[in-house]
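Worth knowing before you read on, the calculation uses all heavy atoms, side chains too, and leaves out hydrogens, waters and symmetry mates. Throughout, protein chains are lettered first and strands after them, A, B, ... in sequence-line order, and every chain is numbered starting at 1.
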2 protein chains.
Amino acid sequence: MEKQTITIYDVAREANVSMATVSRVVNGNPNVKPATRKKVLDVIDQLDYRPNAVARGLASKKTTTVGVIIPDVTNLYFSSLARGIDDIATMYKYNIILANSDQNNHKEIQVLNTLLSKQVDGIIYMGNNVTEELRNEIVRSKTPIVLAGTIDSDQEVGSVNIDYKTASKEAVEVLIANGHKNIAFITGSLKNTFASDLRLEGYKEALELAGIPYNEKNIFEIPLNYQAGETVVERVLAANLTAAIVTDDEVAIGLLNGLSDKSVKVPDDFELIASNNSKLTKMSRPVLSTIAPPLYDIGAVSMRLLTKIMNKEDINEMSITLPYKLELRQTTK
Amino acid sequence: MEKQTITIYDVAREANVSMATVSRVVNGNPNVKPATRKKVLDVIDQLDYRPNAVARGLASKKTTTVGVIIPDVTNLYFSSLARGIDDIATMYKYNIILANSDQNNHKEIQVLNTLLSKQVDGIIYMGNNVTEELRNEIVRSKTPIVLAGTIDSDQEVGSVNIDYKTASKEAVEVLIANGHKNIAFITGSLKNTFASDLRLEGYKEALELAGIPYNEKNIFEIPLNYQAGETVVERVLAANLTAAIVTDDEVAIGLLNGLSDKSVKVPDDFELIASNNSKLTKMSRPVLSTIAPPLYDIGAVSMRLLTKIMNKEDINEMSITLPYKLELRQTTK
DNA sequence: ATGAAAGCGCTAACAC
DNA sequence: GTGTTAGCGCTTTCAT
């Protein structure tokens, strides 16, 4: 015996109405007499009818699902955004197709294409940078998109961020105010890392304002993982640096632990500031000082913005900048 | 000008073949003459045709998407599984609809229903326990499901786990061997926490084998988050306990940090073992000893199992038990 | 307030 | 090897 799917047609027959009427009650269309509505609802209940979203999607050209491109779910920065995205999506009756991209341009294109073929109503992209090719594909598809925690020069597409440059500048200023002149800037590859150029600008600006010469040797481009943070310690120490601003939380914890392994006292002998305020930053000893972007909100606001675009609502500003905080905890004096 | 979607029909017309032929080449059906295949492929390229997966789903009754119910993407234990799931899903050309459930039974049912209405080909469930209601819904839907890192009494449904009981027992035995008699068992609510009963059994068994009387006061049911771990320290210390096995990594780090805040030396004065080996466990000082389930693999194998079920392949064993390790690092002697 | 009918873009017999 | 045709389950005019 095969699974016998019951359709809107079955409901219509049992309730002695037309498919159209059933469709109306299922979709909450007010143009139905309360009595018939009840009758239909009863039959739906009795038959245990469940609307087929695929058929609906084909007929209406709306799937109520959005695609989410994420570098890696396992990265707390991105998963925090993803949580905000999903919550708001759920609130607006959307589902999320999540796809890991590993920041790999090829995978991104591929993922984008399968999302488009699945007829997602919109896309939220998280990643470091939108390549030319990706942008073209997106534009051509005419599918609404918003970049969550991702900077793009194109002001036409939606995006939600904080002011990375100023945040970075302020963080460095704290370090300078605490007496440091030799401050490391630790990031992933400057070419491919999310907002690293803006952050670097902020770093430079702070130095300049303080009259401290910029030294390229103080910039460390390393892989963005915990291990790399632990490892870079030696180079940082060898360069006689006494403070650091770190663009990634895992790296920051790695650095912190590496420092303590070498008996360097934080914050007495070395100060550092992380950049994302993922929950990791609260799990170290000493507790990490950090720039604190509203992670969940960046995701939530992104999704909200996307719903507006999908609804063709008027939008004042496509590039939203959310406020951040500077959480000075125990890795700064 | 509206977005003019290009359909299989357009391609057929331009290539002077029938829709069926286009469908064949799109689906890699071998019954097409190479020459016509090329012709069709050229037209597809030229027209930039993209198959509509929704239409295909309606016609074929397969959506090549699976639903993934996750308590919280932001939890590294689950997101690690999710990563394994997505990778294998991608490998088998499936996409993932991810939905956060917050372990909330009501949300779970709701999520399950929307997944079913979206006609997912299968479901992967992560969570603490499958409630009666949830199980009924699942069974009724006849949609293939597998439980990833989730125990269920029902041996009919697919599931992938490690032997939590034995793992727990072995971990406790290590603690006992190191001279401890007063060992805390720290978990979430015993009623609702994933495998906590099995783990507790293992704990009891180890004590019994060592002739150590079981004391209910040594069981701590606390919320599963970092903060709760930090907080429980006081109670643990007050109870004169000298070691702990902790079912959650965040809690374990919290405990460890709380201990160090009270100047309790780990592992000299206190030993502890975490249970999940999420990447958190490597980020503490001292580095956490832990039971090490193959997180990624649990996800990957779950998805692989699901593909088999969806394909109606023969399956020897629905309940898969994967091997684990015991990683004794720095929080044990 | 309700119904009839066309069609969304594709797959899957079946025929040739 | 290729074409014809009938749906898949629903939404959406357009009538009434």
Visitor: Tell me whether the OP1 or OP2 atom of D:dG1 has a side-chain N or O from B:T21 closer than 4.0 Å.
Guide: no
Visitor: Below 3.5 Å, does any donor atom in the side chain of B:R50 face an acceptor in the base of C:dG9, or the other way round?
Guide: no
Visitor: Taking CG from A:N29 and C1' from C:dG3, how many angstroms apart are they, rounded to a whole number?
Guide: 14 Å
Visitor: Which residue, B:V32 or B:A59, contacts DNA chain D at a nucleotide closer to its 5' end, judged by nearest heavy atom?
Guide: B:V32
Visitor: Go through D:dG9, C:dA4, C:dC8 for me and flag the one nearest to the A:A20 side chain.
Guide: C:dA4
Visitor: Mind checking if A:V17 touches a base, just sugar-phosphate, or nothing, with heavy atoms under 4.0 Å?
Guide: sugar-phosphate
Visitor: According to a strict under-4.0 Å criterion, is A:K61 in side-chain N/O contact with OP1 or OP2 of C:dG9?
Guide: yes
Visitor: Between A:K33 (NZ) and C:dG3 (P), how many Å, whole number?
Guide: 10 Å
Visitor: Donor-acceptor pair, distance only, cut-off 3.5 Å: does the side chain of B:T90 make one with the backbone of B:D86?
Guide: yes
Visitor: Among C:dT2, D:dG9, C:dC10, which nucleotide has an atom closest to any side-chain atom of B:N52?
Guide: C:dC10
Visitor: Between A:L58 (CG) and D:dT12 (C1'), how many Å, whole number?
Guide: 13 Å
Visitor: In this structure, which one of B:V111, B:I97, B:L116 forms a side-chain contact (heavy atoms from CB on, under 4.5 Å) with B:I123?
Guide: B:L116
Visitor: Rounded to the Å, how far apart are B:Q119 CD and C:dC10 P?
Guide: 19 Å
Visitor: A:I6 has an atom CD1; how far is it from atom C1' of D:dC10, in whole Å?
Guide: 14 Å
Visitor: Please report the distance, rounded to the nearest Å, between OH in A:Y9 and P in C:dG3.
Guide: 13 Å
Visitor: Determine the contact category for A:S23: base if any of its heavy atoms lies under 4.0 Å from a base atom, sugar-phosphate if only primed atoms, P, OP1 or OP2 are that close, otherwise nothing.
Guide: base
Visitor: Assess the side chains of A:T63 and A:D121: does a donor N or O sit below 3.5 Å from an acceptor N or O?
Guide: yes
Visitor: Name the residue closer to the 5' end of DNA chain D, choosing between B:M19 and A:A53 according to the nucleotide with the nearest heavy atom.
Guide: B:M19
Visitor: It should be established whether B:N31 places a side-chain nitrogen or oxygen under 4.0 Å from OP1 or OP2 of nucleotide D:dT2.
Guide: no
Visitor: Using only side-chain N and O atoms of A:S18, determine if any of them is under 4.0 Å from OP1 or OP2 of C:dG3.
Guide: yes
Visitor: May I ask you to decide if A:T74's main-chain N or O and A:D72's side chain share a donor-acceptor pair within less than 3.5 Å?
Guide: yes
Visitor: Do the side chain of A:K38 and the main chain of A:K33 share a donor and acceptor less than 3.5 angstrom apart?
Guide: no
Visitor: In terms of side-chain heavy atoms of B:R56, which of C:dG9, C:dC10, D:dC10 is nearest?
Guide: C:dC10
Visitor: Within this structure, what is the CZ-to-P distance between A:R37 and C:dA1, rounded to whole angstrom?
Guide: 10 Å
Visitor: Report the nucleotide, chosen from C:dA4, C:dA13, D:dT12, that has the shortest atom-to-atom distance to any side-chain atom of B:R24.
Guide: C:dA13
Visitor: Please determine whether a side-chain nitrogen or oxygen atom of B:T36 lies at a distance below 4.0 Å from atom OP1 or OP2 of D:dG1.
Guide: no
Visitor: Taking the side chain of B:I8 as its heavy atoms from C-beta onward, which of D:dC10, C:dC10, C:dA1 lies nearest to it?
Guide: C:dC10
Visitor: If I compare all heavy atoms of A:T150 with all of A:N161, which pair ends up nearest, and what's the gap?
Guide: N-OD1, 3.0 Å
Visitor: Could you tell me the separation between the NZ atom of A:K38 and the P atom of C:dA1, rounded to a whole number of Å?
Guide: 19 Å
